[in-house]
**Q** 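Have a look at this one before I ask anything.
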Amino acid sequence: MTHVPPGSGWSDDPAQPDTPVAHDPAEVRELASASRTLAELTAAQSVCRACPRLVEWREEVATVKRRAFAEETYWGRPIAGWGEEKPEVLIVGLAPAAHGGNRTGRIFTGDRSGDWLFASLHRTGLAAQETSVRAGDGQRLIGARMVAAVRCAPPANKPDPSERAACFPWLTREVALVAGSVQVVVALGGFAWQAIWPALKDAGYVLPRPRPAFGHGAEVEISHHGRPVYLLGCYHPSQQNTFTGRVTAEMLDRLFTRANALRGA
Ligand code: SF4
């Protein structure tokens, strides 16, 4: 099977068999702006087929699989935003991993980066459990939501500029739909930092110029309709970063503790 059919019983599947499918960037723009709720938006995100290279890759990976997961059914579809409907903390990543999110159907779930991230979110009160293994495992975010700048696993973890552009309306619309409650935005890694600025601008945030440089602990005050909101930079808990000690559990915990302090939790 190349992917899980929408509405076929996968836990947390936001889509149904009749969810409209975007086949090109123009249809992404159309469906994203027509989505009035997060439920509609995430349903449409999760069946998108606008990027031929990424559709082919995600479905090939889901068919060939990795030996360790040979018995599992891979999700093989885009990874929609996930978490609370009215989050105070919005966590932004770049793209799902081929055998992580593309397998489990949930963002940052099923790979080492996610293990580090969810452990820290749990220690800092933002996740109910210390691991996120698969849809239906009881994990949930508390006061938080996660989104990826690009929703499909890219070959070599590198989406093309055209693919980032195609996926951008999904990101912008989601940022806009949660803007009423968000108090802190956390960008995981430099790519997510770059991707979130234009999305925030499109969603009506007032941003400083020039754009401050990304760094771990970088903190920028922005605003939405006069209300202060904070953007935090966080090194990506990639295997390379955690293995080399560039990112430690303490660094992640400090960052999310700071996010909690900024939202007044
Ligand atoms: S990367 Fe985004 S725009 Fe491209 S197919 Fe996946 S969900 Fe659609």
Side-chain angles (χ1 to χ4, degrees), residues 25 28-29 32 45 48 50-51 53-54 57 78-83 87 89-98 100-101 107-108 111 113-114 116-117 144-179 182-224 229-242 244 246-247 251-252 255-256 258-259 262:
V28 173
R29 284 196 294 278
Q45 289 175 347
C48 179
C51 303
R53 187 183 79 117
L54 298 189
W57 174 248
I79 312 304
W82 180 73
V89 179
L90 183 67
I91 300 166
V92 185
L94 174 62
I107 187 165
F108 274 111
D111 59 28
S113 307
W116 278 72
L117 180 61
R145 187 172 185 86
M146 287 179 176
V147 295
V150 174
R151 276 150 199 76
C152 295
N157 289 323
K158 283 202 182 100
D160 289 343
S162 65
E163 293 158 351
R164 291 180 200 214
C167 213
F168 183 70
W170 292 136
L171 176 66
T172 300
R173 188 68 188 137
E174 191 152 356
V175 168
L177 285 173
V178 298
V182 166
Q183 298 175 25
V184 183
V185 179
V186 178
L188 289 175
F191 288 119
W193 181 265
Q194 296 303 330
I196 197 63
W197 284 84
L200 290 167
K201 186 163 185 285
D202 273 23
Y205 284 83
V206 177
L207 306 170
R209 279 198 213 189
R211 183 184 301 180
F214 171 73
H216 187 80
E219 185 175 317
V220 183
E221 185 175 331
I222 58 181
S223 69
H224 192 258
V229 176
Y230 298 89
L231 174 60
L232 298 182
C234 178
Y235 285 160
H236 194 289
S238 65
Q239 223 168 335
Q240 193 188 351
N241 279 346
T242 52
T244 58
R246 186 165 190 249
V247 172
M251 286 168 71
L252 293 176
L255 197 291
F256 289 112
R258 179 65 184 151
L262 289 169

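Values below: every heavy atom of this structure, side chains too, minus hydrogens, waters and symmetry copies.
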**Q** Compare all side-chain heavy atoms of Phe191 with those of Val150 and state whether any distance is below 4.5 angstrom.
**A**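 Sidechains of Val150 and Phe191: no contact.
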**Q** Can you tell me how far CZ of Phe108 sits from CG of Leu188, rounded to the nearest 0.5 angstrom?
**A**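 Nearest 0.5 Å value for the CG-CZ distance: 5.0 Å.
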**Q** With side chains defined as the heavy atoms from C-beta onward, is the minimum distance between Leu262 and Leu232 less than 4.5 Å?
**A**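 Contact flag for Leu262/Leu232 side chains = yes.
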**Q** Once you round to the nearest 0.5 Å, how far does CG of Leu207 lie from OG of Ser223?
**A**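 The CG atom of Leu207 sits 8.0 Å away from the OG atom of Ser223.
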**Q** How many angstroms lie between atom CG of Leu252 and atom NE2 of His216, to the nearest 0.5 angstrom?
**A**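 Between atom CG of Leu252 and atom NE2 of His216 there are 6.0 Å.
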**Q** Quick one, Asp202 and Phe168 - any side-chain contact, counting heavy atoms below 4.5 Å?
**A**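 The answer is yes, as the side chains (C-beta and beyond) meet within the 4.5 Å cut-off.
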**Q** Is the closest side-chain heavy-atom distance between Tyr235 and Leu255 below 4.5 Å?
**A**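 Answer no - side chains too far apart.
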**Q** Is Arg145 reaching over with its side chain to a backbone N or O of Gly83, donor-acceptor style, under 3.5 angstrom?
**A**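 Present.
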**Q** Any heavy-atom pair between the side chains of Pro154 and Trp57 that's under 4.5 Å?
**A**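 No. Closest side-chain heavy atoms not under 4.5 Å.
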**Q** Nearest 0.5 angstrom please: Phe214 CZ to Ile196 CD1, how far?
**A**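 Separation between the atoms: 13.0 Å.
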**Q** With the side chain counted from C-beta on, respond yes when Leu117 and Met146 share a heavy-atom pair under 4.5 Å apart, and no when they do not.
**A**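 Counting from C-beta outward, Leu117 and Met146 do come under 4.5 Å.
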**Q** What heavy-atom pair brings Pro25 and Ala166 nearest, and what distance separates the two atoms?
**A**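 It is CG-CB, 4.0 Å.
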**Q** Start with the C-alpha gap between Trp170 and Val147, add the side-chain angles, then the distance that decides, and say whether side-chain contact (heavy atoms from CB on, under 4.5 Å) holds.
**A** CA-CA 10 Å; Trp170 292 136; Val147 295; over 6 Å; no
**Q** Can you confirm whether Trp116 sits close enough to Asn241 that some side-chain heavy atom of one is under 4.5 Å from a side-chain heavy atom of the other?
**A**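 Sidechains of Asn241 and Trp116: no contact.
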**Q** Are any of the side-chain heavy atoms of Leu171 and Arg151 separated by less than 4.5 Å?
**A**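 Contact flag for Leu171/Arg151 side chains = yes.
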**Q** Would you say the side chains of Gln194 and Arg211 form a donor-acceptor pair under 3.5 Å?
**A**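 Gln194 vs Arg211: donor-acceptor pair found between side chains.
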**Q** For Gln240, look at atom CD and say whether over 12 heavy atoms of other residues, nucleotides or ligands are found less than 6.0 Å away.
**A**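 No, the 6.0 Å shell around CD holds no more than 12 heavy atoms from other groups.
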**Q** Between His224 and Ala203, is there a donor-acceptor pair closer than 3.5 Å when you use the side chain of the first and the backbone of the second?
**A**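 Yes; judged by distance alone, with no hydrogens or angles, the pair exists.
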**Q** How close do Gly100 and Asp111 get, counting heavy atoms only, and between which atoms?
**A**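 The pair with the smallest heavy-atom distance is CA-OD2, 4.1 Å.
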